[in-house]
Amino acid sequence: MIITKKQIKTAIFISILVGTILTLINQGEAFIDGSALNWYKVVLTYIVPFCVSLYSSIVAKMDTKQD
């Protein structure tokens with residue numbers, strides 16, 4: 001299993017895009033009324049899409065090599 005730079009770049013892009021949207025949805029009240037952000041949840045909101053994107057690209061690459 002080799003992880004390529006393209007896979008990492010794509011996972012980072014997906015993480016930034018999806019993480020930002022989910023943070024705005026899930027922590028919107030903090031932005032609106034100025035309450036404190038839950039930084040633990042913010043970090044997880046970016047890490048999870050990164051891991052899912054990277055994992056799915058690795059599995060897809062492995063599946064195409066078997067065909």
Side-chain angles (χ1 to χ4, degrees):
M1 173 179 75
I2 297 174
I3 300 173
T4 65
K5 287 182 182 181
K6 184 177 180 189
Q7 289 172 315
I8 297 289
K9 286 181 183 179
T10 302
I12 290 171
F13 174 77
I14 297 295
S15 175
I16 291 170
L17 180 67
V18 174
T20 300
I21 292 169
L22 289 175
T23 298
L24 290 172
I25 292 169
N26 295 328
Q27 307 263 346
E29 68 278 353
F31 294 107
I32 293 170
D33 64 16
S35 60
L37 285 173
N38 183 335
W39 287 103
Y40 176 73
K41 287 183 180 181
V42 172
V43 170
L44 283 177
T45 301
Y46 284 93
I47 290 174
V48 169
F50 175 83
C51 293
V52 170
S53 176
L54 187 59
Y55 175 78
S56 62
S57 68
I58 291 169
V59 170
K61 193 172 187 178
M62 288 170 44
D63 285 348
T64 57
K65 284 186 177 182
Q66 291 177 0
D67 294 339

Trainee: side-chain contact (heavy atoms from CB on, under 4.5 Å) with Phe31: which residues, sequence neighbours excluded?
Mentor: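 Checked Phe31 against side-chain contact (heavy atoms from CB on, under 4.5 Å); matches are Thr23, Leu24, Gln27, Leu37.
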Trainee: Hydrophobic cluster mates of Leu17, side-chain heavy atoms under 4.5 angstrom, ILVMFWY only, any path?
Mentor: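 Phe13, Ile14, Val18, Ile21, Leu22, Ile25, all in the cluster of Leu17.
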Trainee: For Ser56, what residues pass the side-chain contact (heavy atoms from CB on, under 4.5 Å) criterion, not counting sequence neighbours?
Mentor: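 Counting only residues at least two positions away or on another chain, Ser56 forms no side-chain contact (heavy atoms from CB on, under 4.5 Å).
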Trainee: For residues 47-55, dump all side-chain donor-acceptor pairs below 3.5 Å to protein atoms at least two apart in sequence or in another chain.
Mentor:
none

Trainee: If every non-hydrogen atom of Thr20 is compared with every non-hydrogen atom of Tyr46, which pair is closest and at what distance?
Mentor: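 Minimum heavy-atom separation between Thr20 and Tyr46: OG1-OH, 3.0 Å.
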Trainee: Could you list all the side chain to side chain donor-acceptor pair (under 3.5 Å) pairs where at least one residue sits in residues 29-41, not counting sequence neighbours?
Mentor: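 Pairs touching residues 29-41 that pass the test: Asp33-Ser35.
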Trainee: Can you name the side-chain contact (heavy atoms from CB on, under 4.5 Å) partners of Lys5, sequence neighbours left out?
Mentor: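 None.
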Trainee: What is the distance from atom CD1 of Ile3 to atom CD1 of Ile58, rounded to the nearest 0.5 Å?
Mentor: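 Those atoms lie 4.0 Å apart.
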Trainee: Output all residues satisfying side chain to side chain donor-acceptor pair (under 3.5 Å) with Thr4, sequence neighbours left out; order by chain, then residue number.
Mentor: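 With neighbours one apart ignored, the set is Gln7.
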